Every structure is written in structure tokens, then in C-alpha cells.
Amino acid sequence: MTRIPWWRHAVVYEVYVRSFADSDGDGEGDLQGIRSRLGHLRDLGVDALWLTPFYTSPLADGGYDVADYRDVDPRFGTLHDFDALVADAHAHGLRLIIDIVPNHSSDRHPWFREALAAPPGSPARSRYIFRPGRPGERPGEIQPPNDWPSAFGGPAWTRVDDGEWYLHLYAREQPDFNWRNPEVRSEFEEILRFWLDRGVDGFRIDVAAGLVKDESLRDLNGRDSRALNGPVYSRPEVHDVYRGWRRILDEYDGDRMAIGEVWTDGPEDLALYLRPDELHQVFQFDLQLAPWSAAAFREVIDAALKAVAPTGTAPTWVLSSHDSIRHVTRYERPESVPGIGHARARAALLLLLALPGSAYLYQGEELGLPEVTDLPDEARQDPIFERTNGELAGRDGCRVPLPWSGDTEPYGFSPGGVRPWLPMPARWAPMTAQAQASDPSSMLTWYRDALALRRRLLDDLPEDIDWLDSPGTALCFRRGPLICALNCGENPVRLPPGTPLLTSTPLYGDLLPGNSAAWLTPS
Ligand code: NOJ
């Protein structure tokens, strides 16, 4: 029998480190806090944790601006804490994936400081992407070197004192590395080894498609920057980087893996990253982007399965992350129907967990947390808010710290009465992990039950699905001994013959109510 690597069907839980659990009372989560809550993750029934960046960082973009890739930021702990977390996670039967941020560093990284102090054309500058500006239309006017926009608003270039400009696809505090410089490449290979030697089971690669830019840095001229082989993302040269990384991962025992954060024009382009000598997984975000519609879900599922089929690897599914509006809130339409977002989120979980491949959950979805939409402007920290002059709210609303226990802020997130780094809503008392743990009707119990059942069934589930007939507002598929039915409409639909295993709302006989899902064994 072929041995199946752990990640292929894993349920991975994303820990947004700053907002998970605060052990030392500074209002921000930390590694010791995560250690203290590993029991929650074991009881939830996930297989692995993915930690967002905890490296030394000024946190201009929540830690995706790294100043030292080989150390832990003091606000999150120490390397010693990290080692203890790896050991404890493994002792709890949990694997640990960490985020690696290779597209850009912080502007406080010693290499960037050195580059700023060095003259144009110097070796220190060639680790980043510095270029002269170009003349504008008005006399004496200087424009950025090309027309690329920053993903956070405004141009992707900032001018330094001597007149050169540096590229940053994200905030100005996140200068892009020049991956055509071999020094950058070998530095990151050593960084991977540093963390692999400390026992991590894998990496989530930030901006994985963006590392190598077109050499001429040609203009986009209005084209989508994500287009395959365009000047910005998904250049053919990036694949060679991952071939090198794969060789390193393969040198280690224990199925060490890498998953890329790759955004492409269409799912078929993802397959390029999944060639057998490249990455093990890439995120497939289309389920997260799809509206609440059986037809849309079905289309996305078909395309995702088709995209990965030739690669021999398995798909990945995700509904929420630290970059998107929480799905309870996305599904809360129309807002006049109270609880519709929660009902749909319960149903969506059965879809997510019934599909072949692995699922990535985002912290707090197991508590049914909604997006916090009423944060005061002065509390907002996401650079998107500032760079768009407040036009876009940014991603703070999904990053509010987790409520663990108690009736008032900080709900057990921090010890004592400390104020968390983002304010927590007054209405969260019924949503704490403690309040939900012993409530059989809670979202937490629902997640635990669904994950436990998936785990029990997993060995018998094949890697393909067969669609079964269903009305247009619903979808229904069979995966070996499991049938999954999801009704996105308002009216009940008839279920196929079978014995219910788990249902997100009570059935009416063999009718599945609207905004619900069920798992059945076929009869
Ligand atoms: C993707 C990360 O998930 C996001 O949080 C970050 O802002 C950008 N990459 C830039 O690093």
C-alpha cells in the first residue's frame, strides 16, 4: 500500500499569532500563549497549525515585514519558546507549519539598511530592486520607474534621498528582494534549513508567485498583474527557486512540506507549481471567493479538482483567512434574516470537510466569530487602511483577538484586565471557547463533531467524487461511503437515499432544509 503523507488530507488551523492567546499581558498574542492553548486545537481535532509570521518585525504589515528571519520578535517570545512550542505541538499530535516571507523584507532588515546607505549600482542595492525614475510629462517631473501598483494602494515604488526608487509590491516598509541575485537565493535556502533543523513540518510561502520579476520591469499597461508570465507574478523563473527548495525539504525526514500562496488568473495555472519537484500544495482560494450558490460552488470544485488532477497531488480548500472577511459575515445576506450567516457557515463546513484533499481553517471560525466591522479608525493597523486614506477598511476586522472565557474584554485572551491590541466587541461573551465548550448546539461543538467524524471516515474515502442529481439550488456528491448534500436555497430539497450521519440543521424526514448540509451513508 502506498504511504500517504500527512499533509495530503490534513486539516490545518491557521494561527494568527498576534491574536491567538497572550501569555505575558502585553495585549498581543505570543508563542507561550499558543502553547497554553494546544489542548483547544487537539480537542478541536485538527492535524496541524500554521503560524503567521512571528519573526523580528516592526509590524508595518502585521509581521509580513521581517527584519530578522532567524529570530522571534520579543513581543512574541524567544527562540527557546519556539523550540518548546514545536516539542509541545508534536507531543499533542499536531504538526507545525510556519510562514516564510521571501518576496520582501522589512525596511528595517540589515540588508535594506545597508542598501540605503550604499550608492546606486552597489552590491548592497542589488539585493533589492532599485531603479532610476523616468521623466514625467511636465518639465522636471520624475515618475516611478514603471506603472506597477502596490497591492495596498498607490504606486509600488518609493523614492530615496539620492533619487533612486525601490520596488515594493506591498507597503513601502516592505521592499522587494531581487531574486535574480544568487545571494538572496542562498540566504533563503539557509533560512529554510534553520527552521527545518528546529523541527518545523512545513512552510506556507507568502506571495509565492511574485519572487522573480521580469528583468526589464516592463509596464503592465492596464493588464492584470496576476497573468501567467506577465511582468510581475508567475514568471517562469520562479519555478527554479522551488525546485531548489524541494531538494532541501526532501533531504529531511518526516514528509516536510511547502504550500504556496499563489494567486493566478485561473486554477489551471496553479498546476505549474505542483510539479513533482516543486511545491506539495498551493492554496485554492476560489471557494472563499465564491458567493453562496450551489452552482458557483460546484463550478469551483470541478475546476479545482481538474486543475490538480494531472499533478498527482490533492486540492486544498479554504473559506477564511487573516486576509479576508470572515465567512459568517460574508454569508450573512440578507442581513434581515437573523443567524443566516451562522447557518450557512455550519453547512459550508460539511462541504469543506467532505471534499478530497486538505482544508485550511482560520482561527475563530470554530467559534463562529463574525467580522468586526465597527472598529474605530484610530484602532485600525492594517496598512491598507492608511494607504487608501481610509477608503478601504482593511483586514483588521478578521484579526481581532480570540475570546477564550469570561464576560468582558479581554475575554481570557490576555491575563488580567489588559487591553488587547485591537478592541474586542462587547457582544462576544456568549462566543468564548469556554461558553461554547459544553453547549451541544454551539459552533465549537459542531466543528468538533464534524472533524471527529471526518477523521473516522477518512481511511475509506477515495480521492474522487461523483456528482449526484440535485435541484439547481443544491449540490450533492458521493465520495465512496459518504454522501454530502448542501442546500444553498431557501426551500427544502429531497435527500438521496441514505442514513444521515451529521446534519447542520434537523431534517424534515428526507428533506434537507434551506441553508443546510448533511452527510449520509448511502443505502
Ligand atoms: C499575503 C499575506 O497573507 C498578507 O497578510 C500580507 O499582507 C501579504 N501577503 C504581503 O506579505
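Given the structure is predicted, the values throughout are model-derived calculations rather than measurements. Atoms within a ligand are numbered from 1 in the order they appear, just like the ligands themselves. Keep in mind that the numbers below use all heavy atoms, side chains included, and drop hydrogens, waters and symmetry copies.
Heavy atoms of Val207 found under 4.0 angstrom from ligand 1 belong exclusively to the side chain. Only the side chain of Arg204 comes within 4.0 Å of ligand 1, counting heavy atoms alone; its backbone N, CA, C and O stay farther away. If you look at His168 next to ligand 1, there are no close heavy atoms at all, none under 4.0 Å. Contacts between Trp263 and ligand 1, counted as non-hydrogen atom pairs separated by less than 4.0 Å, are absent for every part of the residue.
Under 4.0 Å is where a charged nitrogen must lie from a carboxylate oxygen, and between Glu278 and Arg275 at least one such pair does. A salt bridge is absent between Arg127 and Asp176: the closest approach of a Lys/Arg side-chain nitrogen to an acidic carboxylate oxygen does not fall below 4.0 angstrom.
By the 6.0 Å and 45° rule, Arg95 does not stack over the aromatic ring of Trp7.
Atom 9 (N) of ligand 1 has its nearest heavy-atom neighbour, among Ile384, Asp206, Asp382, in Asp206.
Residues His280 and Asp255 bring no donor and acceptor atom of their side chains to less than 3.5 Å of each other. In summary, the side chains of Tyr242 and Asp277 do not present any donor paired with an acceptor at a separation below 3.5 Å, with no hydrogens or angles considered.
Residues Tyr64 and Asp99 meet the side-chain proximity criterion, which asks for heavy atoms closer than 4.5 Å.
Residue contact annotation: Val101 has no non-hydrogen atom under 4.0 Å from ligand 1. For Arg399, the closest heavy-atom approach to ligand 1 falls below 4.0 Å.
Every atom of ligand 1 is numbered from 1 in the order shown, and the set under 4.0 Å from a heavy atom of Glu261 is 1 (C), 9 (N).
Checked by distance only, ligand 1 and Tyr170 stay at 3.5 Å or farther apart across all their nitrogen or oxygen atoms.
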Check against ring-ring contact (aromatic ring centres under 6.0 Å, His included), Tyr13 and Tyr360: CA-CA 6 Å; Tyr13 181 100; Tyr360 281 74; over 10 Å; no
